[in-house]
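Here's the structure, in structure tokens; my notes come after.
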Amino acid sequence: MDPLSSSDPARLTSEQRKLRLQVLGLNTVEAEATFDRIARLAASFTQSPLAMVNFINDERQMFRGMYVPTGSPDDKVSPESGGIAFDLSNLSREAPGDYGFCPHVVAQGSQLALDDVFDYPRFKGNPLVNDLGVRSYLGTPLRDNTGMILGTVCVADMKPRTWDRGLREGMQELTETLLSDFKLRDSLLAQQQELFAVFDGAPFPIMLTEGPDHLLRYANGKQGSAFGLVPQFSPGRHVLPGLEAIGVFGAMDDAFHTGQAATLARASIQTYDSHTPQDFNFLCTPVRTSPAAPVSGVLTVAMNTTGQAFAGSEQRAFAANVQERFERLGAGGLPGGMPGQRTEGAGYRG
């Protein structure tokens with residue numbers, strides 16, 4: 001039985017956790033240097049061959065921070081120090097929601113120390129034991145700055161061992177160092193709300209999406225009235241089939257994967273606010289939180305060109321200005337993420 005969804009209150013908590021992860025930009029499997037560093041520190045501190053910073057939604061576990069042995073002589077945690085004798089460097093950064101021991105940590109809301117998994121019939125048959133040979137585990141709830149449990153920071157070993165008080169307390173203190181990261185994300189959220197307020201009054205459709213699946217972070221009122229009101233955080237190409245049909249999401253794919261702006265010119269679509277098909281130029285601009293950060297999303301601006309000459313200069317100037325402002329927001333050091341939420345955005349329906 002899935003420990004996270006065995007009751008109605010548990011399901012509600014799981015849904016709230018997923019929403020919080022989406023808001024913070026943590027509901028994906030992409031690695032982040034901050035979390036990888038915490039995982040490596042956990043492995044080094046406990047002398048464990050496996051360590052993870054694991055975020056858990058209602059569907060899957062996402063190891064945005066991970067340390068596994070690579071066999072390098074420079075590793076502080078090596079097979080000779082009690083690790084494993086084979087390379088796990090290609091271990092996946094995601095797992096089903098009921099896999100392993102971390103879901104139990106989240107469900108019970110407290111640290112879980114298993115000195116020897118075989119001593120616990122409840123855990124002995126867990127797939128983690130069969131797949132990786134894990135014999136001991138120490139998992140600590142990972143709470144954000146609001147107190148919500150988002151996942152775990154955990155370590156595991158392939159041999160029985162004693163997780164003494166010092167190790168348990170050290171893991172708790174290490175986990176709490178991530179509170180500053182969550183506080184920073186919330187600070188950037190507040191700043192982005194101000195930026196979105198500018199978008200709300202724009203006379204042309206604007207949407208901001210996240211990740212390769214183009215999850216809808218934000219849409220202004222003009223976007224909703226022209227192309228349809230859609231649920232927040234939904235996959236764009238599925239809830240906006242009209243834009244998918246004319247190739248907008250193909251251009252967004254190009255922008256996201258190449259890191260270069262992509263244009264779809266003179267695309268005709270029947271909008272909700274007009275009786276006749278309208279022509280639009282779509283400019284899709286990749287969004288980064290800093291110039292050196294990876295692409296985290298795409299800003300798509302649509303200009304109605306029905307009966308007009310190509311209106312690209314205004315569109316490009318607007319997108320460039322927005323990109324610059326996003327990079328300024330990211331100057332505080334948030335690595336790779338793109339938090340942002342509009343709880344009452346006119347481009348969404350509840």
Side-chain angles (χ1 to χ4, degrees), residues 18-19 21-23 25 27-30 57 59-60 94 196 199-200 202-288 294-308 310-312 314-316 318-319 322-323 326 338 340-342 345-350:
K18 180 178 181 179
L19 177 60
L21 289 171
Q22 288 174 322
V23 168
N27 198 47
T28 63
V29 300
E30 282 76 19
N57 63 23
E59 301 167 346
R60 62 177 176 167
E94 65 180 317
F196 290 149
F199 293 179
D200 287 342
F204 35 78
I206 301 170
M207 65 176 171
L208 180 65
T209 58
E210 172 191 306
D213 294 329
H214 306 302
L215 301 182
L216 287 159
R217 274 283 182 180
Y218 166 82
N220 71 347
K222 194 65 175 176
Q223 168 82 17
S225 62
F227 305 127
L229 302 177
V230 298
Q232 192 177 31
F233 298 122
S234 54
R237 64 185 353 124
H238 297 302
V239 296
L240 294 170
L243 296 182
E244 165 72 351
I246 62 174
V248 174
F249 285 97
M252 292 167 66
D253 288 338
D254 290 342
F256 186 87
H257 293 296
T258 67
Q260 302 294 323
T263 301
L264 179 66
R266 304 300 263 182
S268 181
I269 184 173
Q270 180 65 63
T271 62
Y272 288 94
D273 57 358
S274 175
H275 297 296
T276 59
Q278 302 292 295
D279 295 333
F280 286 89
N281 292 334
F282 293 88
L283 178 62
C284 308
T285 304
V287 170
R288 299 175 174 85
V295 174
S296 54
V298 178
L299 177 77
T300 301
V301 180
M303 297 290 285
N304 192 324
T305 60
T306 305
Q308 303 176 21
F310 184 79
E314 179 182 357
Q315 190 180 30
R316 290 181 182 278
F318 177 85
V322 169
Q323 174 64 52
F326 266 106
M338 189 184 64
Q341 180 187 29
R342 288 292 292 171
Y348 298 110
R349 61 173 172 82

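Numbering of residues begins at 1 and proceeds along the displayed sequence.
Between the side chain of N220 and the main chain of F199, a donor-acceptor pair closer than 3.5 Å is present. Side chain of Q278 to main chain of S268: no donor-acceptor pair is present (N/O by atom type, distance under 3.5 Å, no hydrogens or angles). Side-chain atoms of S296 do not come within 3.5 Å of backbone N or O of E210 as any donor-acceptor pair. Checked by atom type and distance alone, the side chain of S274 never pairs as donor or acceptor with a backbone atom of T271 at under 3.5 Å. Within the 3.5 Å criterion, the main-chain N or O of M207 finds no donor-acceptor partner in the side chain of R217. Listed for the T209 side chain is no donor-acceptor partner under 3.5 Å among the backbone atoms of G297.
Here CZ of F227 is found 6.5 Å from CD1 of I246. Values are rounded to the nearest 0.5 Å. The CG atom of L21 sits 6.5 Å away from atom CG of N57, with the distance rounded to the nearest 0.5 Å.
Among residues two or more places apart in sequence or in another chain, the side chain to side chain contact (heavy atoms under 4.5 Å, CB included) test is passed with E94 by V29, R60, S92.
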Please evaluate residues F249 and T300 with respect to the criterion side-chain contact (heavy atoms from CB on, under 4.5 Å), reporting the C-alpha separation (whole Å), side-chain torsions for both, the decisive distance (0.1 Å), and the verdict. CA-CA 10 Å; F249 285 97; T300 301; over 6 Å; no
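Each of N281, D279, T306, T305 was evaluated against R266; a single residue qualifies, T305, per the side chain to side chain donor-acceptor pair (under 3.5 Å) test.
A side-chain donor-acceptor contact under 3.5 Å links T28 and E30.
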